[in-house]
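Working notes for the structure below.
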Amino acid sequence: MEKIKMTTPLVEMDGDEMTRILWKMIKDELICPFVDLKTEYYDLGLEHRNETDDQVTFDSANAAKKYGVAVKCATITPNAARMDEYDLKEMWKSPNGTIRAILDGTVFRAPITVKGIEPCVRNWKKPITIARHAYGDVYKASEMKIPGAGKCELVYTAEDGAETRELIHEFDGAGIIQGQHNLNGSIESFARSCFNYALDTKQDLWFATKDTISKKYDHTFKDIFQEIYDKEYDEKFKAAGLEYFYTLIDDAVARIMKAEGGFIWACKNYDGDVMSDMVSSAFGSLAMMTSVLVSPEGYYEYEAAHGTVQRHYYKHLKGEETSTNSVATIFAWTGALRKRGELDHLPELCEFADNLERACLSTIESGKMTKDLALITTLENPVVLNSEEFIQAIRRTLEAGSVA
Ligand code: NAP
Ligand code: MG
């Protein structure tokens, strides 16, 4: 059988620990036998980030801008323990943070739904995609502990020196304060990424904030979304039969629990952090969540939503058997290959991505799965496979499908 040709390379960002082991197995078993794979390879494993003073992370993000589509393995974000473990020169920043800052994107996370892994919320029939704004608010806040009585104010000093003040609170005892910010430009990018992704995936878009209480801060998010929608997207949404819907965050949360799914929920940074964990665990498992960073210019970076699965890696190093779920990492590859296929007009590549995804789902639906899924499946007598056997089982399903 002839391999499927590619014309433009994918930017391949390798990573750490158990997911690095899965990465190689996925390429060897599920991709390279079928696709004449072209990638520009960047090793974002922590050792190599340390050797290059993290330059490799910057280079990989710039390559994503050059080629437009990247696929990323999970990576370690160093903490104090990792400083010793890897003898690091510095506590390097989170690669995802660095890449996000360069691509200025929005992160879309969606559950991979499969028969036999049922959502805790009975009426959720279709995936709910969370779009998380990845800049500012509490993640870039300044905070103070106020030791005792005194006055706190917000002070804005314009370039000409003119001051505007707003009283926060007259303290008569100890307390706490916090200053947050966001940027109109970043909110505009967030809005456009969400509208484009909704059109791209043919799903309605919901957005919610607390604009009734936060009449300037949250209200600005609401206004910017509405202005951009009215000017640039209203006609396109109507033509596609899609809806943009704004409501209050508490109303959105209540409606989500009663909804069927099948839409995108745009969230401010903190809401997205919290709600994506809720949605993913309610859908079944973090190992069944895809994640894609979409920049306002239309660059895409695909990854799994979970981390490097450190605990399984240590078992693997001791020679013990692991049963690590590779589905989200496989879907990162298929997402990237499909997007490359769309951009380069290679229908065979898109079809391969669809087939490989279907092979993952049918393998699980036939009762063969990793331990994390076996623990929560509604299928009777699931067969628990180890990391390697699961990938081999997917390959057999894929080959059976393509022969037929
Ligand atoms: P994690 O790798 O997501 O794993 C946490 C736990 O979730 C695992 O111990 C495992 O539970 C379960 N799990 C996650 N993915 C699984 C899979 N594919 N198959 C089966 N079980 C899975 O999070 P972590 O252990 O907190 O973080 C490890 C490292 O990942 C850290 O260094 C962190 O910096 C990094 N991280 C990277 C990213 C990223 O690159 N996008 C994201 C998050 C974290 P059991 O042990 O109970 O089986
Ligand atoms: Mg979180």
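Counting convention: from 1, in listed order, for ligands and their atoms alike.
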Exercise for review: Only one of H312, R311, H316, Q310 passes side-chain hydrogen bond (donor to acceptor under 3.5 Å, both in side chains) with Y314; say which it is.
Suggested key: Q310
Check your understanding: Nearest protein heavy-atom contact for atom 32 (O) of ligand 1: which residue, which atom, what distance?
Key -> R82 NH2, 3.0 Å
Check your understanding: For atom 33 (C) of ligand 1, which candidate among T370, T77, V309, L373 provides the closest heavy atom?
Key -> T77
Check your understanding: Quick one: do R395 and E399 make a salt bridge, cutoff under 4.0 Å?
Key -> yes
Practice item. Return the option from T324, T75, N79 holding the heavy atom at the smallest distance from atom 37 (C) of ligand 1. Key: T75
Review point. Would M18 count as a contact of ligand 1 if the rule is a heavy atom under 4.0 Å away?
Key: no
Point to revise | Protein non-hydrogen atom below 4.0 angstrom of atom 12 (C) of ligand 1 present | key: no
Review point. How are the rings of Y229 and F195 set to each other: parallel, tilted or perpendicular (split at 30° and 60°)?
Key: tilted
**Study point:** Electrostatic pair D218:K222 at N-O distance under 4.0 angstrom
**Key:** no
Point to revise | atom 46 (O) of ligand 1 [closest protein heavy-atom partner, distance rounded to 0.1 Å] | key: R311 NE, 2.5 Å
Practice item. Examine the proximity of ligand 1 to K371 and report which part, side chain or backbone, both or neither, has a heavy atom under 4.0 Å away. Key: neither
Practice item. Specify whether Y300 and Y302 have parallel, tilted or perpendicular ring planes, treating 30° as the upper limit for parallel and 60° as the lower limit for perpendicular. Key: parallel
Exercise for review: Please work out whether any backbone atom (N, CA, C, O) or any side-chain heavy atom from C-beta onward of N96 is under 4.0 Å from ligand 1, and answer side chain, backbone, both or neither.
Suggested key: side chain
Exercise for review: Take atom 27 (O) of ligand 1 and look for protein heavy atoms under 4.0 Å from it; say yes if you find one, no if not.
Suggested key: no
Point to revise | Where ligand 1 meets A74 - atom numbers and elements under 4.0 angstrom, heavy-atom basis | key: 40 (O)
**Study point:** Flag: protein heavy atom within less than 4.0 Å of atom 1 (P) of ligand 1
**Key:** yes
Revision key, fill the gap. Contact region, H306 to ligand 1, non-hydrogen atoms below 4.0 Å, reads both
Practice item. Just say parallel, tilted or perpendicular for the rings of F225 and F207, cut-offs at 30° and 60°. Key: parallel
Check your understanding: Can you find a protein heavy atom closer to atom 24 (P) of ligand 1 than 4.0 Å?
Key -> no
Check your understanding: In terms of ring plane angle, is the pair F221 and H133 parallel, tilted or perpendicular, where the classes change at 30° and 60°?
Key -> perpendicular
Check your understanding: Given the protein's heavy atoms, is any one of them under 4.0 Å from atom 35 (C) of ligand 1?
Key -> yes
Check your understanding: side-chain contact (heavy atoms from CB on, under 4.5 Å) with L44: which of I99, N96, I76, D54?
Key -> I99
Review point. Given the protein's heavy atoms, is any one of them under 4.0 Å from atom 6 (C) of ligand 1?
Key: no
Point to revise | Ionic contact status for R82 with E85, cut-off 4.0 Å | key: yes
